[in-house]
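Naming convention: chains lettered A, B, ... in sequence-line order (proteins, then strands); numbering from 1 in each chain.
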Amino acid sequence: MYRTHTCGELTIGNANQTITLSGWLQRSRDLGGMTFIDLRDRYGITQLAFNMETNATLCTEARKLGREYVLQVTGVVKERESKNAKITTGDVEIIVTELKVLNASITPPFTIEENTDGGDELRMKYRYLDLRRNAVRKNLELRHRMAIETRNYLDKLQFLEVETPVLIKSTPEGARDFVVPSRMNEGEFYALPQSPQTFKQLLMVGGFDRYYQIVKCFRDEDLRADRQPEFTQIDCEMCFVEQEDILNTFEGLVKHLFKTVKNVDIPTLTRMTFAHAMKYYGNDKPDIRFDMQFKYLKGDGADLTAGKGFKVFDDAECVIAINAIGAATYTRKQLDELTDWVKRPQIGASGLIYARVSADGIKSSVDKFYDVDTLQHWATATTAKDGDLLLILAGSTNKTRKAMSELRLLMGTQLGLRKSDTFAAHWVVDFPMLEWDEETKRYHAMHHPFTSPKPEDIHLLNERAGEARANAYDMVINGVEVGGGSIRIHDAALQSQVFSLLGFTKEQAEYQFGFLMNAFKYGAPPHGGIAFGFDRLCSLFGGSETIRDYIAFPKNNSGRDVMIDAPSLISPEQMKELAIATVLNTK
RNA sequence: GGUCUGGUAGCUCAGUUGGUUAGAGUGCAUGCCUGUCACGCAUGAAGUCGCGGGUUCGAGUCCCGUCCGGACCGCCA
């Protein structure tokens, strides 16, 4: 028997018991006559004590042990002379009588401690060592708890977890597919699923009226801190439901997770239309932990800027202001920094106008053009009070909204309004069905090609398809899109009309999705669903920006696994067997 | 595809205007130390300054190229 207890459970109640522990040597303190060793496992740390007076042989042996040696010790639990309140086992120590080195270790490349000295890249390369650290382990424990509670909630509501295939068919819409060559079908390829979308719809046709799956999805696109080439979704689908049913069911899921995992009660989720979100936050996933909504000094029917000869505003399609409450103390230097920030190509504003509101009046960077009365109108329109700062951007509507959205988030961060332990969850609804793609000069589906239009907007599909809204919805928490879904089309005729809007010929639609349209001919029930980004949800609950912290073996920025060094070349024999050859792109 | 940013000891980083032998903390090794728990003290080893080229009397430092990270834009239905 390797152990009778774990390293996290012995207390004063176990005093005088003879026990056996196994674990890793976290750190040793050699005091000459005595040596202390911290023995670590998943559950905690227990101090081992060796004394030169009572057992010189063992103590001498203990002094030679290095970090991360795997040890098995037997000894007697004893109350400590000097206790350590920082750890749960801090009242006791083990007077070791037998010591066995189960395995030695070379010195690890970084220290395996709460505050490691290792950088990200190194820790990724030695991920199995990083996993020994408390912080990383806790994140994965959180993920486990989230998964268990998701299953608990959905199971109680009669959802069935059904697995769907991983080797499927490539589809042209959406993200790039990862493809897998088929040896048995020379020249043909499987694709890894971007999501189990069509399969879950087929499960609905198959009568599984409540399905879910915690499932890997694959998208071959460029990565970010919150994106991995393979990631996990909580994928769900329901029959005989309307949008309202889905919103209620999954609002329940999120509330359940907050309650059981974090013991937080979150209020009923508010709802916002896509149009409203874009207009007042410039963003389809607004962070509503703080207000700071857009006010239109020009555009949206208002014009508080005209006739003063300020060309920038006069030429602009819209002029948008936000009120940064209490930020009138911003110095000229800070404001210049903000200006530089919005002018970066990623933000793309051409400049930033500001106005400080104070007891002495309003001072703006456009005093030359606008008199006190006009500035006062601006302040009134934005409900700015003494001590507040107006930040104003002007230009074309879409660009200005987008830039202002980024500025709003920056100001929210700078003013401490985006605390990671505060949660504001809401729904964004009524997304447009289609999005015009300038590059390809055609519409593509904003959500996906199976999303049903709102019934009252179906008539728009023929004439003004861009205006048609979909029965699609996103759940947003703290400005992060954690989930999204839609009511699906269950009518073969409407589905083929949508395919044709998306530029598919009949033949292409048949080739790509014939199986689905066929299935719809056999009595497809009305259905809809949603999918949550499980990794993002975990990182949100854990208070971290990056989902890599919540994935046991993540990939780096360029999609490499630096630990196993993948992807990698394969042998010419493998290539031949698969009937494939590579033609490298020249730069 | 683009913008920004970084690469110096095992690790985390400093390194001024281009100027003598490239430093610190930590880790590691050795020694001392009987109540430590980030133990303490002392000594020591440890460097292809990412790589290649250029400018210069002289390059960690400046220039060009390249490789490898990171953040972001595009992209991600």
Side-chain angles (χ1 to χ4, degrees), chain A residues 26-39 45-54 56 59 63-64 66-68 78 80-87 89-90 93 106-126 129 171-177 194-195 197-198 217-229 231 340-341 343-348 402-403 406 431-435 437-439 443-451 470 472 474 481 484-486 498 502 531 533 545-546 548 556-560 562 585 587:
Chain A
Q26 168 83 21
R27 184 191 279 280
S28 65
R29 291 173 293 280
D30 178 1
L31 273 61
M34 303 191 72
T35 287
F36 298 103
I37 287 178
D38 291 339
L39 193 69
I45 283 178
T46 300
Q47 175 167 285
L48 313 177
F50 299 85
N51 195 316
M52 208 53 103
E53 259 177 27
T54 54
C59 192
R63 292 172 74 165
K64 293 181 198 149
R67 283 172 188 266
E68 302 308 316
K78 199 186 141 208
R80 288 203 205 178
E81 265 179 50
S82 47
K83 299 190 167 67
N84 182 352
K86 287 183 202 158
I87 56 175
T89 62
E93 64 191 1
I106 58 172
T107 304
F110 54 89
T111 59
I112 298 170
E113 283 165 19
E114 198 71 43
N115 293 311
T116 180
D117 61 2
D120 290 343
E121 198 186 348
L122 196 69
R123 290 191 290 121
M124 292 260 266
K125 184 169 177 188
Y126 297 94
L129 296 181
T171 57
E173 278 280 317
R176 293 183 189 89
D177 284 319
Q194 298 173 27
S195 78
Q197 183 59 37
T198 48
C217 303
F218 306 87
R219 293 180 191 175
D220 186 10
E221 294 293 345
D222 287 1
L223 305 177
R224 292 285 189 280
D226 64 347
R227 286 192 223 152
Q228 285 271 300
F231 61 99
D340 289 343
W341 190 83
K343 283 164 88 169
R344 291 184 314 148
Q346 282 94 333
I347 307 295
K402 191 170 171 290
E406 298 298 327
F431 277 80
M433 177 134 166
L434 304 167
E435 211 171 13
D437 184 351
E438 265 306 317
E439 256 176 54
Y443 284 113
H444 64 233
M446 190 150 184
H447 185 55
H448 59 53
F450 318 108
T451 302
D474 277 356
E481 182 203 320
S486 64
V498 169
L502 294 173
E545 301 276 312
T546 161
R548 289 178 202 166
N556 76 2
N557 227 13
S558 24
R560 296 202 72 86
V562 294
N585 290 320
K587 282 183 186 173

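- A:Asp226 meets the side-chain contact (heavy atoms from CB on, under 4.5 Å) test with A:Arg224, A:Arg536, A:Ile547; sequence neighbours excluded.
- A:Gln26 is not listed as a side-chain neighbour of A:Arg67, based on a closest heavy-atom distance of 4.5 Å or more.
- The distance between atom CE of A:Met34 and atom P of B:U36, rounded to the nearest whole Å, is 10 Å.
- B:G27 atom P lies 19 Å from atom OH of A:Tyr126, rounded to whole Å.
- Ion pairing between A:Arg123 and A:Asp120 holds under the 4.0 Å rule for side-chain N and carboxylate O.
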Every protein N/O lying under 3.5 Å from an N/O of nucleotides 44-46 of chain B:
none

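- Nucleotide B:G23 forms a pair with B:C13, judged by Watson-Crick or G-U wobble geometry with both contacts under 3.5 Å.
- Ion pair A:Asp222/A:Arg227 not flagged as a salt bridge, since none of the NZ, NE, NH1 or NH2 atoms sits closer than 4.0 Å to an Asp/Glu carboxylate oxygen.
- Rounded to a whole Å, the CG atom of A:Asn557 is 8 Å from the P atom of B:C72.
- Note: CG (A:Asp226) to C1' (B:C72) measures 11 Å, nearest angstrom.
- The salt bridge (Lys or Arg N to Asp or Glu O under 4.0 Å) search around A:Glu221 returns A:Arg176, not counting sequence neighbours.
- Residues meeting the side-chain contact (heavy atoms from CB on, under 4.5 Å) test with A:Arg63, sequence neighbours left out: A:Asp30, A:Thr35, A:Met52.
- Donor-acceptor pairing under 3.5 Å, judged by distance alone, is present between the side chain of A:Glu93 and the base of B:G35.
- In this structure, the CD atom of A:Glu53 is 9 Å from the P atom of B:U34, given to the nearest Å.
- By the ring pair (Phe, Tyr, Trp, His ring centres under 6.0 Å) test, A:Phe450 pairs with A:His448, A:Phe513, sequence neighbours left out.
- Within 4.0 Å (heavy atoms only), A:Asn51 reaches at least one base atom of the nucleic acid.
- OP1 or OP2 of B:A71 sits under 4.0 Å from a side-chain N or O of A:Arg548.
- Nearest nucleotide to the A:Arg219 side chain, out of B:C76, B:C33, B:C75: B:C76.
- An OP1 or OP2 oxygen of B:U34 is reached within less than 4.0 angstrom by no side-chain nitrogen or oxygen of A:Arg29.
- In this view, A:Ser486 and A:Thr451, A:Arg488 satisfy the side-chain hydrogen bond (donor to acceptor under 3.5 Å, both in side chains) rule, not counting sequence neighbours.
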* **Footprint string (nucleotides 7-12 of chain B, 5' to 3'): B base within contact, S backbone only, - free, heavy atoms under 4.0 Å** => ---BBS
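- Remark: B:A29 base-pairs with B:U43; criterion is Watson-Crick or G-U wobble with both hydrogen-bond distances under 3.5 Å.
- Between A:Met124 atom CE and B:C68 atom P the separation is 15 Å, expressed in whole Å.
- In this structure, the CZ atom of A:Arg224 is 9 Å from the C1' atom of B:A71, given to the nearest Å.
- As judged by a 4.0 angstrom heavy-atom cut-off over every strand, A:Glu114 is placed among residues making no nucleic acid contact.
- Per the geometry, CG belonging to A:Asp177 stands 13 Å off P belonging to B:C76, to the nearest Å.
- Under the Watson-Crick or G-U wobble criterion, with both distances below 3.5 Å, B:C37 has no partner in any strand shown.
- Nucleic acid contact for A:Glu81: base, since at least one base atom lies under 4.0 Å from a heavy atom of the residue.
- At B:C75, none of the side-chain N or O atoms of A:Arg227 fall inside 4.0 Å of OP1 or OP2 (strictly under the cut-off).
- By the salt bridge (Lys or Arg N to Asp or Glu O under 4.0 Å) test, A:Asp474 pairs with no residue at all, sequence neighbours left out.
- At least one side-chain nitrogen or oxygen of A:Lys86 sits closer than 4.0 Å to the OP1 or OP2 atom of B:A38.
- Shown here are the side-chain contact (heavy atoms from CB on, under 4.5 Å) partners of A:Lys83, two or more places apart in sequence or in another chain: A:Glu79, A:Arg80, A:Asp91.
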